[in-house]
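Read the structure below first, then the notes.
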Amino acid sequence: MAKYPFENIEKKWQQRWEEEKTFHVTEDPAYPKNKRRYVLDMFPYPSGAGLHVGHPEGYTATDIYCRFLRMNGYNVLHPMGFDAFGLPAENYAIQTGTHPEVTTMANVDRFRAQIKALGFSYDWDREVSTCMPDYYKWTQWIFLQLFKQGLAYESEMPINWCPSCKTGLANEEVKDGECERCHTKVTRKRIRQWVLKITVYADRLLEGLDKVDWPEPIKLMQRNWIGRSEGASVHFSLPGHKETLEVYTTRPDTLFGATYMVLSPEHPLVPALTTKECKASVDAYVQEAARKSDLERTDLAKDKTGVFTGSYALNPVTGKEIPIWISDYVLISYGTGAIMGVPAHDERDWDFAKAFGLPIIQVVAAAGETGPFDREPEACTVADGFAVNSGQFNGLPTPEAIKQITAWLEKRGIGEKAINYKLRDWLFSRQRYWGEPIPVIHCNKCGIVPLDEKDLPLLLPQVTSYTPTGTGESPLANIPEWVNTTCPKCGGPAKRETNTMPQWAGSCWYYLRFLDPKNDKAFVDPAIEKYWMPVDLYVGGAEHAVLHLLYSRFWHKVLYDIGVVSSDEPFLRLVNQGMILGEDNQKMSKSRGNVINPDDIINNFGADSMRVYEMFMGPLEVSKPWSTAGLVGVSRFLERAWATSEKPIVDSEPSAELTKLLHKTIKKVSHDTDTLNFNTAISQMMIFLNEVSKLEQLPRKLWEPFVLLLSPYAPHLGEELWEKLNISKDVSAKGSSVSKAAWPMYDEALTLDEEKEIVVQVNGKIRDKLVLPAGSDEETLREKALASAKVQEWIAGKTIAKLIVVKDKLVNIVVKA
RNA sequence: GCGAGAGUGGUGGAAUGGCAGACACGCUAGACUUAGGAUCUAGUGCCUUGCGGCGUGAGGGUUCAAGUCCCUUCUCUCGCACCA
């Protein structure tokens with residue numbers, strides 16, 4: 001069989017689509033709200049390596065879905081753009097002196113060409129790149145809104161610092177104590193930073209998850225990251241000091257068991273609480289802790305360390321003095337940076353008390369435990385139970401004890417109900433060049449002054465050196481003529497902010513810019529925003545579970561609160577595509593040499609084969625290995641479709657059997673495409689084609705619907721086959737495209753079989769099969785089953801205990817010896 | 001350690017609690033040929049000469065019936081990791 005001319009076909013149709021703007025979309029009011037869909041891909045970072053086979057997986061899925069929706073009468077917004085600010089281009093600039101804009105634009109061009117070569121139905125008139133001034137003008141504008149809302153502030157806390165990237169990192173960017181990007185060990189550094197108050201939105205971000213159709217694991221990851229917990233604040237008085245020591249605990253019911261306190265080494269009260277005798281050891285410990293990296297303080301040092309401060313606090317319920325220690329197992333960044341030590345009911349406190357010989361008092365007993373409870377317990381128990389050794393609260397089950405002790409504390413003004421989060425504010429500035437300049441000015445007189453909105457965009461200046469200073473200042477700090485400016489408020493001399501925004505900034509809101517990408521009056525026109533938003537389907541990798549997807553939701557909620565967007569959640573439905581592994585079942589990587597290049601596949605097998613194969617590999621959501629042999633199988637399927645199309649088209653009626661198969665196929669492909677189960681939809685099309693390709697002549701009634709079904713999957717071949725079909729109808733004129741044709745309908749009646757194969761089981765084992773008219777009643781099934789000779793052999797001499805009949809499916813005869 | 005997900009032929013994978021292995025790859029045999037990642041036909045879970053038996057990581061359970069539901073357990077992948 002001749003190889004089908006995919007090179008010509010694919011080039012031809014890609015040109016046609018481009019020239020005729022086939023996929024250009026407008027806010028046509030004729031479509032009611034329920035006939036509009038916004039289907040979004042996670043836009044790529046245009047790396048120097050070019051497109052990866054992973055990219056087309058999600059892009060093909062959404063493309064098929066969009067084409068399917070259009071053919072079903074929907075107005076579909078399906079845009080693409082580029083996440084174009086980022087470190088690799090800047091690092092390349094440091095090595096070669098080439099401006100990041102030059103490399104980035106070259107990479108964007110390459111990515112665009114590669115993406116277009118796959119025949120996706122994007123509206124390219126809406127393309128955006130986050131590094132373009134007319135785009136980042138609005139990123140800066142959003143920053144100003146955050147600033148005005150009091151959600152952006154400067155801070156000088158010790159932060160995660162990547163010595164290799166020479167920049168600060170957000171908590172979300174640190175994995176296993178390493179920089180997520182370059183795997184360098186993260187150290188701590190104290191420099192001035194811009195921080196966004198994402199914590200203010202913690203509850204809203206949590207609640208919003210209940211409203212969206214996202215994979216549960218992703219929701220769970222976000223919930224865990226936000227890490228809300230309920231408990232109580234307790235104020236311990238400090239004999240000899242005016243201050244009190246506040247701690248946060250989720251187990252106020254264990255207060256009677258608090259036998260010591262621990263402060264984080266960074267806690268502000270440490271100097272005041274340290275007695276003369278203990279000063280030397282405390283100072284040494286504090287210094288040692290400051291020197292350690294986070295990793296050393298956690299992973300490598302599970303053995304508890306700490307020193308006594310020499311001071312005591314009063315346990316508010318027992319009135320006893322308990323010693324105050326410092327230890328690095330208490331984190332300054334969570335709660336109040338201080339804890340009460342309840343060794344009997346907290347593993348960490350148990351370890352600490354054991355290490356330093358501190359008293360351990362049991363205050364919670366398991367249900368049924370009888371005591372006595374006056375001895376030191378043998379093991380730490382964290383489970384709920386009932387209170388013991390807790391005075392008036394004895395006997396209360398844990399939840400009730402928590403309530404009552406909290407109320408008791410509140411009444412005396414020494415404690416109250418409290419809520420805490422693991423989520424920290426978002427460290428938003430980077431000490432690098434290739435990012436959005438933060439649009440604020442530092443004035444000696446007026447302090448921090450935001451730029452006026454009319455002065456946006458604040459352009460990135462040209463620099464001679466891209467090398468980060470490494471001292472905590474960006475390369476922008478080395479350009480005096482840019483840094484030195486005048487204060488917009490007082491007109492006096494002032495300095496520009498030299499930090500830039502992280503890469504997440506541009507990707508936080510790109511889905512909004514796609515709506516109205518050329519608007520220079522607003523970041524999006526409100527009417528257009530209302531027309532499309534929110535995003536109906538968002539497809540991308542799971543690696544963004546807590547980074548991009550949390551940041552985006554945060555910004556979106558702020559934009560909602562200031563009234564510039566109409567929904568409080570941006571992405572209604574999220575689907576994560578699985579990773580495509582190498583043929584060796586390992587993650588694709590240059591070092592393993594198992595990388596598949598999409599360009600090679602397109603050149604050798606065509607874009608349609610690539611698309612259909614990636615969808616045929618398995619379910620969209622799971623990881624699966626690449627197999628070139630599997631690709632060949634799909635390629636043969638398309639070859640066969642082409643070969644079949646070369647047969648003479650006839651208007652005669654197809655056989656009843658094939659008509660039935662056609663209607664079953666339309667039904668299954670329609671359903672499976674709608675639910676994104678592309679692999680089984682393709683399988684059904686293969687079954688159909690295997691039968692139809694046996695014919696000598698091709699009935700139009702079979703072939704037309706099949707071409708329509710195939711066309712979202714293999715759009716170039718689809719167009720070509722459609723054109724071939726319609727030559728006699730003379731509608732191959734300009735503007736005609738299979739993508740504008742109507743999706744085929746099926747007749748439910750024609751999908752039903754007249755005869756059903758009935759399985760006959762004896763004691764659950766298949767002993768015979770009967771063919772009976774569909775809908776045969778139970779009585780008939782029973783009679784026919786019992787009449788079967790094979791069945792008779794198996795039930796001879798036995799008594800029938802039970803007889804189960806499932807209509808149109810099976811008969812199970814349960815017999816006893 | 002905690003949390004989540006996944007374990008089905010030689011391979012990728014199908015299966016509203018009702019015929020396990022659709023579809024595809026690979027393999028075997030045959031046909032054909034303009035030797036092409038051809039094409040066509042038949043076969044292909046394991047054991048057994050056969051009747052038949054056994055099979056969805058392992059072990060229990062519920063059910064007339066379990067890949068599917070429940071419990072226990074193992075392995076792998078991912079996420080979090082002293083968050084009080």
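- The base of B/C80 is not paired with the side chain of A/K422 by any donor and acceptor separated by under 3.5 Å.
- Ranking B/A4, B/G37, B/G3 by closeness to the A/P217 side chain, first place goes to B/A4.
- Partners of A/F352 by ring-ring contact (aromatic ring centres under 6.0 Å, His included), not counting sequence neighbours, listed by chain and number: A/Y260, A/W325, A/Y329, A/F356.
- Nearest-nucleotide mapping onto RNA chain B: of A/K175 and A/R251, the residue sitting toward the 5' end is A/K175.
- Remark: A/E793 engages no residue in a side-chain contact (heavy atoms from CB on, under 4.5 Å) (not counting sequence neighbours).
- One P atom belongs to B/C25, the other to B/G43, and the distance between them is 16 Å to the nearest Å.
- Taking atom C1' on both B/C27 and B/U34, the two are 27 Å apart, rounded to the nearest angstrom.
- Nucleotide B/C51 forms a pair with no other nucleotide shown, judged by Watson-Crick or G-U wobble geometry with both contacts under 3.5 Å.
- A/I419 has its CD1 atom 16 Å from the C1' atom of B/A84, to the nearest Å.
- Nucleotide B/G37 holds its P atom 17 Å from the CG atom of A/L638, rounded to whole Å.
- Rounded to whole Å, atom C1' of B/G1 lies 14 Å from atom CG of A/D346.
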Atom pairs under 3.5 Å, N or O on each side, protein against nucleotides 29-31 of chain B: can you list them with distances?
none

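- Comparing A/S229 and A/S627, the nucleotide of RNA chain B nearest to each residue sits closer to the 5' end for A/S627.
- For the pair A/R782 and A/E779, the salt-bridge criterion is met [side-chain N within less than 4.0 Å of a carboxylate O].
- Rounded to a whole Å, the CG atom of A/N603 is 16 Å from the P atom of B/G37.
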What does the list of N/O pairs under 3.5 Å between the protein and nucleotides 47-54 of chain B look like, with a distance for each?
unit_1	atom_1	unit_2	atom_2	d
B/G53	OP1	A/R767	NH1	3.4
B/G53	OP1	A/R767	NH2	3.0
B/G53	OP2	A/R767	NH1	3.2
B/C54	OP2	A/K765	NZ	2.8

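- Here the separation of B/A24 from B/G45, taken at their P atoms, is 15 Å to the nearest Å.
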(Q) How would you summarise protein contacts on nucleotides 13-24 of chain B per nucleotide, using B for base, S for sugar-phosphate only and - for none, with heavy-atom distances below 4.0 Å? (A) SS-B-BBS-BBS
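- Of the P atoms belonging to B/U11 and B/G57, the separation is 13 Å, rounded to the nearest Å.
- The partner of B/A6 is B/U75, judged by Watson-Crick or G-U wobble contacts that both fall below 3.5 Å.
- Rounded to an integer number of Å, the gap from CD of A/Q222 to C1' of B/C80 is 14 Å.
- Every ring-ring contact (aromatic ring centres under 6.0 Å, His included) that A/Y613 has, sequence neighbours left out, goes to A/W626.
- Remark: side-chain polar atoms of A/H663 are not paired, donor with acceptor, to backbone N or O of A/E748 under 3.5 angstrom.
- Following rounding to the nearest Å, A/L547 (CG) and B/G79 (C1') show an atom-to-atom distance of 12 Å.
- Residue contacts for A/S635: at a heavy-atom cut-off of 4.0 Å it reaches no nucleic acid atom on any strand shown.
- Applying the salt bridge (Lys or Arg N to Asp or Glu O under 4.0 Å) test to residues at least two apart or on different chains, the pairs with a partner in residues 682-695 of chain A are A/E691-A/K694.
- Between the C1' atoms of B/U16 and B/A81, the separation comes to 40 Å (whole Å).
- Taking the C1' atom of each, B/G26 and B/C19 are spaced 26 Å apart, rounded to whole Å.
- Contacts of A/Y201 classified as ring-ring contact (aromatic ring centres under 6.0 Å, His included), with partners at least two apart in sequence or in another chain: A/F554.
- Distance, A/K694 NZ to B/C40 P: 10 Å, rounded to whole Å.
- In this structure a side-chain-to-backbone donor-acceptor pair under 3.5 Å is present from A/S589 to A/R592.
- Rounded to whole Å, atom P of B/A81 lies 12 Å from atom CG of A/L423.
- Note on A/F605: a base of the nucleic acid sits closer than 4.0 angstrom, heavy atoms only.
- Nucleotide B/U39 has B/A31 as its partner under the Watson-Crick or G-U criteria, with both atom distances under 3.5 Å.
- Glycosidic conformation, B/G9: syn, with the torsion inside 90° of 0.
- For the side-chain hydrogen bond (donor to acceptor under 3.5 Å, both in side chains) condition, the pairs that include at least one residue of residues 673-685 of chain A, sequence neighbours left out, are A/T665-A/Q684, A/D672-A/T680, A/T673-A/Y713, A/T675-A/N677.
- Atom P of B/G67 sits at a distance of 14 Å from the matching atom of B/G9, rounded to the whole Å.
- Sorted by first and then second residue, the pairs that involve residues 414-425 of chain A and meet salt bridge (Lys or Arg N to Asp or Glu O under 4.0 Å), not counting sequence neighbours, are A/E230-A/K417.
- Checked against side chain to side chain donor-acceptor pair (under 3.5 Å), A/E347 has no partners two or more places apart in sequence or in another chain.
- The salt bridge (Lys or Arg N to Asp or Glu O under 4.0 Å) search around A/E173 returns A/R430, not counting sequence neighbours.
- Checking A/E172 against A/W225 by side-chain atom types alone, a donor-acceptor pair falls below 3.5 Å.
- Pairing partner, B/C23: B/G12, with both Watson-Crick or wobble hydrogen-bond distances short of 3.5 Å.
- Look at the C1' atom in both B/U56 and B/G3: the space between them is 27 Å, to the nearest Å.
- No engagement by A/V262 is indicated, since no non-hydrogen atom pair under 4.0 Å with the nucleic acid exists.
- Residue A/K660 qualifies as enclosed at atom NZ: its count of foreign heavy atoms under 6.0 Å is above 12.
- Heavy atoms of A/T249 sit under 4.0 angstrom from primed sugar atoms or phosphate atoms, though from no base atom.
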